[in-house]
Asker: 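Here it is, the structure, as structure tokens.
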Amino acid sequence: MATPLYQTVIDTIVARIASGELPSGALLPSETQLGAELGVSQGTARKALSELEKRGLVQRAQGRGTFVTLRTPEMSLFNFFRLRSPDGTLTAPELVSETVIRRQATAEERAALFGRPEEVIEIRRVRSVGGRRTTHERSCLPPALYPGIVDRAPLPNALYVLYQRAYSIIIVRADEKLRAVGAPADVAAALELGEGAPVLLMRRAAVDVLDRVVELRVCHLVSEVLDYFVTLS
């Protein structure tokens with residue numbers, strides 16, 4: 001089955017964003033220019049831009065044009081750090097500790113991550129909110145997509161901004177599963193809890209603009225005084 005023409009335009013723009021040719025905030029060619037460059041009608045180019053806008057990859061400004069969505073550290077935390085005060089207020093988490101290693105991938109990691117890697121980069125972090133330890137994170141990455149990231153430690157607070165700026169990997173979706181569990185011994189110690197204390201277990205698969213699973217993350221979250229905040233639309 002032939003690929004629709006508008007999908008070809010989408011794929012071209014996504015590839016340019018992912019490669020860094022079109023960085024955050026960059027102005028895209030007009031519908032007319034895109035049509036002429038890619039050999040499609042203005043209507044086809046318009047449909048492609050509308051689909052990219054729905055995905056959150058571009059933003060249209062009346063009278064100014066279409067821009068690649070700007071992603072800042074603050075926006076990254078706002079979009080992907082879910083623990084909030086009961087009124088929905090976000091307090092940026094502070095990094096308490098971090099380790100970055102390379103190790104053998106588990107069968108589950110190898111099956112899920114892009115490229116089916118034999119090894120993964122594992123980033124372990126403990127974060128606090130308001131002086132209280134609230135999150136224990138373990139993020140696993142395919143090394144081929146993140147060359148040299150081990151040598152970059154300590155890493156910045158907002159990892160997804162690093163992924164975009166250093167590796168042209170733009171996270172556009174995070175598929176998550178939540179479950180209430182008792183804290184394992186190592187997690188309890190890191191979060192200064194008693195072993196078996198109730199925590200939320202969150203498992204995330206982060207997907208980039210090329211529809212690749214580029215990070216697996218397992219978090220244990222302390223939510224006694226914070227809510228796991230999600231907006232559905």
Side-chain angles (χ1 to χ4, degrees), residues 56 75-117 119-142 145-146 155 157-163 169 171-208 211-233:
M75 290 172 65
S76 176
L77 286 171
F78 182 82
N79 286 333
F80 294 104
F81 190 80
R82 307 295 192 184
L83 290 182
R84 311 285 172 84
S85 299
D87 64 0
T89 301
L90 169 68
T91 300
E94 296 182 359
L95 189 62
V96 176
S97 65
E98 174 185 82
T99 60
V100 185
I101 63 170
R102 184 165 179 150
R103 62 164 174 80
Q104 288 295 117
T106 66
E108 180 182 1
E109 292 162 350
R110 190 162 50 250
L113 284 168
F114 173 77
R116 299 182 60 85
E119 295 184 318
V120 295
I121 305 298
E122 180 183 276
I123 304 169
R124 288 203 181 209
R125 291 176 142 191
V126 174
R127 296 177 188 257
S128 67
V129 173
R132 182 173 183 178
R133 298 186 181 198
T134 56
T135 66
H136 179 279
E137 304 172 359
R138 188 178 78 247
S139 303
C140 294
L141 316 174
L145 295 181
Y146 301 90
L155 302 175
N157 199 11
L159 284 178
Y160 290 176
V161 176
L162 171 69
Y163 298 169
I169 292 173
I171 305 296
V172 295
R173 191 177 84 243
D175 300 328
E176 296 183 348
K177 299 177 182 178
L178 280 175
R179 182 186 302 173
V181 300
D186 62 328
V187 172
L191 295 178
E192 299 179 335
L193 302 171
E195 184 175 350
V199 293
L200 284 178
L201 171 63
M202 183 273 284
R203 296 177 179 272
R204 173 189 295 174
V207 181
D208 77 346
D211 206 31
R212 306 175 297 185
V213 176
V214 296
E215 181 202 69
L216 296 177
R217 185 175 297 194
V218 177
C219 294
H220 289 85
L221 310 168
V222 179
S223 58
E224 290 178 341
V225 296
L226 298 171
D227 290 331
Y228 193 88
F229 195 85
V230 179
T231 299
L232 302 177
S233 60

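The basis for the numbers below is simple: all heavy atoms, side chains too, and nothing from hydrogens, waters or symmetry mates.
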Asker: Supply the atom-to-atom distance Met202 CE to Glu137 CD, rounded to the nearest 0.5 angstrom.
Answerer: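 Going from CE on Met202 over to CD on Glu137, the span is 7.0 Å.
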Asker: Should we say atom CD of Glu224 is surrounded by more than 12 heavy atoms from elsewhere, each under 6.0 Å from it?
Answerer: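 At most 12 heavy atoms, drawn from other residues, nucleotides or ligands, come within 6.0 Å of this atom.
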Asker: Determine the minimum heavy-atom distance between Leu113 and Leu141, stating which atoms define it.
Answerer: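 Shortest heavy-atom separation between Leu113 and Leu141 comes out as CD1-C, 4.3 Å.
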Asker: What is the minimum heavy-atom distance between Val213 and Ala112, and which atoms define it?
Answerer: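 In terms of heavy atoms, the two residues are closest at CB-O, 3.4 Å.
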Asker: Could you tell me whether the side chain of Ile169 reaches within less than 4.5 Å of the side chain of Glu215, counting heavy atoms only?
Answerer: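 No - every pair of side-chain heavy atoms lies 4.5 Å or more apart.
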Asker: Are the side chain of Asn157 and the backbone of Leu95 linked by a donor-acceptor contact shorter than 3.5 Å?
Answerer: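 Between the backbone of Leu95 and the side chain of Asn157 there is no qualifying donor-acceptor contact (under 3.5 Å).
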Asker: Kindly compute the distance separating CD (Glu122) from CD1 (Ile101), expressed to the nearest 0.5 Å.
Answerer: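 Glu122 atom CD to Ile101 atom CD1 measures 4.5 Å (nearest 0.5 Å).
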Asker: Please name the pair of heavy atoms, one in Pro93 and one in Arg127, separated by the smallest distance, quoted to 0.1 Å.
Answerer: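 So the minimum-distance heavy-atom pair works out to CG-NH1, 3.7 Å.
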Asker: Which heavy-atom pair separates Pro117 from Ala105 by the least distance, and what is that distance?
Answerer: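 Pro117 and Ala105 have their closest heavy atoms at O-CB, 3.5 Å.
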Asker: Check whether Glu98 reaches the backbone of Leu155 with its side chain - one donor and one acceptor, N or O, closer than 3.5 Å.
Answerer: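 Looks like yes, one N/O pair under 3.5 Å.
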Asker: Taking the basic N atoms (NZ, or NE/NH1/NH2) and the acidic carboxylate oxygens, is any pair closer than 4.0 Å for Asp186 and Arg138?
Answerer: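 Looking at Asp186 and Arg138, the cut-off is not met.
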Asker: A side-chain contact here means heavy atoms from C-beta on lying under 4.5 Å apart; do Val214 and Tyr163 qualify?
Answerer: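 Result no, sub-4.5 Å side-chain heavy-atom pair not found.
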Asker: Rounded to the nearest 0.5 Å, how far apart are OG of Ser85 and CG of Leu226?
Answerer: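 One gets 6.0 Å once the value is rounded to the nearest 0.5 Å.
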Asker: Does Asp87 reach the main-chain N or O of Thr89 with its side chain, forming a donor-acceptor pair under 3.5 Å?
Answerer: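 Indeed, once roles are kept as given, a pair shorter than 3.5 Å links the two residues.
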Asker: Hey, what do you get for CZ (Arg173) to CG (Asp208), rounding to the nearest 0.5 Å?
Answerer: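 Taking CZ in Arg173 and CG in Asp208, the distance rounds to 10.0 Å.
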Asker: Between the main-chain N or O of Glu119 and the side-chain N or O of Arg102, is there a donor-acceptor pair closer than 3.5 Å?
Answerer: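 No, because the side chain of Arg102 does not come within donor-acceptor range (under 3.5 Å) of the backbone of Glu119.
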Asker: Within the structure provided, determine whether Arg125 and Leu159 are in side-chain contact (heavy-atom separation under 4.5 Å).
Answerer: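 The answer is yes, as the side chains (C-beta and beyond) meet within the 4.5 Å cut-off.
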Asker: If you round to the nearest 0.5 Å, how far is CZ of Arg203 from CD of Glu108?
Answerer: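 So the CD of Glu108 and the CZ of Arg203 are separated by 6.0 Å.
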Asker: Is Ser128 close to Val96 at the side-chain level, that is, under 4.5 Å between some pair of heavy atoms?
Answerer: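 Heavy-atom side-chain distance check passes, below 4.5 Å.
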Asker: Check whether any side-chain heavy atom of Leu193 sits under 4.5 Å from a side-chain heavy atom of Val199, and report yes or no.
Answerer: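 Yes, at least one pair of side-chain atoms sits under 4.5 Å.
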Asker: Rounded at 0.5 Å granularity, tell me how far CD1 in Ile121 sits from OH in Tyr146.
Answerer: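 Ile121 atom CD1 to Tyr146 atom OH measures 10.5 Å (nearest 0.5 Å).
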Asker: Quick one: are Arg212 and Leu145 in side-chain contact, heavy atoms under 4.5 Å?
Answerer: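 Yes, their side chains come closer than 4.5 Å.
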Asker: Could you walk me through whether Val222 and Arg133 satisfy the side-chain contact (heavy atoms from CB on, under 4.5 Å) test, starting with their C-alpha distance in whole Å, then the side-chain angles of each, then the deciding distance to 0.1 Å, before giving a yes or no?
Answerer: CA-CA 8 Å; Val222 179; Arg133 298 186 181 198; over 6 Å; no
Asker: The criterion is ring-ring contact (aromatic ring centres under 6.0 Å, His included); which residues satisfy it with Phe114, sequence neighbours excluded?
Answerer: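 ring-ring contact (aromatic ring centres under 6.0 Å, His included) list for Phe114, sorted by chain: empty.
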Asker: Would you say Phe229 and Leu83 make side-chain contact, with heavy atoms under 4.5 Å?
Answerer: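 No, every pair of side-chain atoms sits at 4.5 Å or beyond.
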